[in-house]
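First the structure, in the form of structure tokens, and then the observations on it.
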Amino acid sequence: MTAATLICSKNQENGLNIKKMKNSDSIGFKLLDQFRDGRNDKIWWRVFALLMIATVATRFYKLDQPDHVCWDEAHFGKYANFYINRTFFFDVHPPLGKMLIGLFGYLDGYNGSFHFDKPGDKFEEHQYMGMRIGCAVMGALLVPLSFLTVWEMTFSLPAATFGGLLILLDHGMLTLNRFILLDPPMLFFISAAIYSMVKFHNQRHRPFSLPWWSWLSSIGVMLSCSVAVKFVGIFVVIFVGCRTIADLWEILGDLSRPVSYTVKHFMARAICLIAMPTLLYMGIFYIHLAVLSNSGPGDGFYSSAFQVGLKGNYLHDGSTPRQVAYGALLTLKNAVTSGAYLHSHDHLYPEEIGGSQQQITTYAHKDDNNNWHVKRHNKLAPSWNSTRPIDFVRNGDLLRLEHFATGRNLHAHRSLAPITIKQFQVTGYGLDGVGDNNDIWRLEIEDGEEGQILETMLHRFRLIHYNLGCALTCTKKKLPAWGFEQDEVTCNPNRRDPNAIWNIEENIYPRLPNVSFRAYEKNFFQRFIESHVVLINGNSALKPKEGEATSKPWMWPINLRGQFFSGGQLQVYLLGNPIIWWGNLVFMVFYLILWVSVGVRTKRRITVTQREIMLQERALSACGWLWLGWLLHYLPFWGMSRVLYFHHYFPALLFSSMMSGILLDYVIESIPLSLPKNSFNASYAAILSATLLILFYRQFLSILSTCVRIS
């Protein structure tokens, strides 16, 4: 073969290679165009499938680890036990999330026997995986829901992909959604409510059709479930309410339709977004109260009449004298909702607090230290075997209360209370019921007649100090460690303080006939209302414990400080992906800049291309609502006095991450528009690749370090 022939053959081979490269480039650019366009069903489903595969791979990997109790699993796992064993308990959150966790465990064969005493306890042979899997499934669904929500808002496949990826690749979301916590179901219902809202909005051109009603009803169900997991769900209710008002305002502005048409829309929304969610929410509480039918550790947080409905509670099958007589053994309960029992114990106040006299507190649990003997101010209590006429306690009487276990009298003096320094200190004083004039109290039955006999449970009353004129009050403020974090009791000069109301719960006096407590039992609606007052009071009373690691709202968006979920050999620390979290902040600021710049351009009538107008309108419309959602789920925490943790930011993170996905797509689409047309695909591919590389940076580093170790 001649040299000329060899050169010709080589040139032909190079030409074929160049042609193959051009063909592969054109195929790649064609796929990229289809990805950008999003209307190719095969491409859409492939992207969605890859996202789901990655979700399953990351959310369920080593879900059984750590094989011990982590952080608040100690609470919510224990609450699952209570549901499985039908034992009544108190928690500051509504019941649905805990009911679902209990259901996950029950379906997996868990029998509610593991105690969940404290973080670090080994599960050993107990069936805990059902509860973790159930929570992980609900947490994993955040990724497809975010993808679908952004898709429905923009119909941009790249934007939807970025929205899903930002949830998928955040370590905080991954960590939070793999444990037995309320956050996975709460985040799921919030995400589902947002998705349903967007789907319903896209049905606006088919009003009152079956899909229109279906998605409207779906919003109501998800809103109800969001609030039924945590009261934080109220924020998404407000968000949907704002969107609903905007939609109705737009319908009202359609002059081609009569006002009655707007009224029809309003009534449909009132039924599906107010009436139906309310009934569903009440139904959840009905199931909650029906399942937890047995007496348990939460009884004392509720009123005496509420406790009558709990099997095994002293009040359920018990009986008591209707009237109160001197010499009776009583328990006094603060009559405000979630009030506790008047309590004392054989411990003294510190010397620097009004002298070392015995502590008087309120305590939410049943205890022998809640028992008091009632006697006249100037006589010893009559014996239960006495044959003298029964001496009844009457409105206006002067009396003493002697602590049954220690023999100290309920006492008040002019020393300042330990926490509420504008009120007087209440102590236990004396020996075997012998004290001084500062032990004397006057009984005042609310709306009672002079001389009226005091009755168990029915009568609400005040105890007014004879010398000081102040009222026995529970301030609901927690005492320090020396007071065992029980509630402070004071004598309040403001005698009209609503916390100064008490009632008699237990009344033991053998000389009087008993009546059943069942006569005082509350119906469902009364129990439903009381449950909410107790929940709200309990939530607002949550304060940081001594030495407890908490955080402030300003720390959350900048990812400054996380949360330890588990210590020891296998440590779990909740912290967000800094690229995603800080990027979210950048894009939130960028949105405001874009909104202002577009407004200025519009006012100045600066001409831009149709493509740019479309991209801007799509980004501004979708991101405006997501910005509002972020504000509604973040700003309220600044005004809360209760203890706050890092994980409270994650509902807001859902909104900011979806917004970042939309704006990321806008930026990647917009930059190549300023470049020559023939380089658009190449520049778009380069920017997209760089963005994905940044998002996956930790995964690339992990693979690289693994390769280095292997070599």
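Note that this is a predicted model, so its numbers are computed, not measured.
When all heavy atoms are compared, the tightest approach of Tyr83 to Leu292 is CD2-CD2, 3.7 Å. For the pair Arg462 and Arg495, the tightest heavy-atom approach, listed with the atom from each and the gap, is NE-O, 2.7 Å. Contact detail for Asn369 and Ala405: the closest heavy-atom pair is OD1-CB, 3.4 Å.
Ring geometry, Phe285 versus Tyr281: the interplanar angle falls from 30° to 60°, so the pair is classed tilted. The aromatic rings of Trp638 and Tyr634 stand perpendicular to each other, their planes meeting at an angle above 60°, with 30° marking the opposite boundary. Between His288 and Phe88, the ring planes lie tilted relative to each other; the angle falls in the 30° to 60° range. Taking the six-membered ring where tryptophan is involved, the planes of Phe404 and His373 are perpendicular, since the angle between them exceeds 60° and thus also 30°. Taking the six-membered ring where tryptophan is involved, the planes of His648 and Tyr645 are tilted, since the angle between them lies from 30° to 60°.
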Practice prompt. Starting from the C-alpha separation in whole Å, work towards a yes-or-no answer on side-chain hydrogen bond (donor to acceptor under 3.5 Å, both in side chains) for Asn395 and Glu450.
Written response: CA-CA 6 Å; Asn395 188 24; Glu450 190 67 24; 4.7 Å; no
Practice prompt. Run the numbers on Asn438 and Tyr466 for side-chain hydrogen bond (donor to acceptor under 3.5 Å, both in side chains), then give the verdict.
Written response: CA-CA 7 Å; Asn438 280 330; Tyr466 178 68; over 6 Å; no
Worksheet item: Could you walk me through whether Glu402 and Lys375 pass the salt bridge (Lys or Arg N to Asp or Glu O under 4.0 Å) check?
Response: CA-CA 8 Å; Glu402 179 187 334; Lys375 57 190 180 181; 2.9 Å; yes
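Take Arg414 and apply the salt bridge (Lys or Arg N to Asp or Glu O under 4.0 Å) test, not counting sequence neighbours, and it matches no residue. For Leu479, the side-chain contact (heavy atoms from CB on, under 4.5 Å) criterion is met by Thr361, Pro418, Ile419, Trp482, Glu488, not counting sequence neighbours. A search for side-chain contact (heavy atoms from CB on, under 4.5 Å) contacts involving Asp487 returns Thr362, Cys474, Lys478, not counting sequence neighbours. Scanning for side-chain contact (heavy atoms from CB on, under 4.5 Å) contacts around Ala412 gives Val426, Trp441, His465, Leu468, Cys491, with sequence neighbours left out. Partners of Arg86 under the side-chain contact (heavy atoms from CB on, under 4.5 Å) rule, at least two apart in sequence or in another chain, are Val291, Ser293, Asn294. Residues that satisfy the salt bridge (Lys or Arg N to Asp or Glu O under 4.0 Å) test with Lys78, not counting sequence neighbours, are absent from this structure.
Ion pairing of Arg518 with Glu521 is present here, as a side-chain N (NZ or NE/NH1/NH2) and a carboxylate O approach within less than 4.0 Å. Residues Lys230 and Asp183 are paired through a salt bridge, judged by an N-O separation under 4.0 Å between the basic side chain and the carboxylate. Note on Lys98 versus Asp91: salt bridge recorded, some NZ/NE/NH1/NH2 to OD/OE distance being below 4.0 Å. Between Arg442 and Glu444 there is a salt bridge, since a side-chain N of the basic residue sits under 4.0 Å from a carboxylate O of the acidic one. Between Glu73 and Lys118 no salt bridge is recorded (no basic side-chain N to carboxylate O distance below 4.0 Å).
Put simply, the residue from Thr427, Asn409, Thr406 that forms a side-chain hydrogen bond (donor to acceptor under 3.5 Å, both in side chains) with Gln358 is Thr406.
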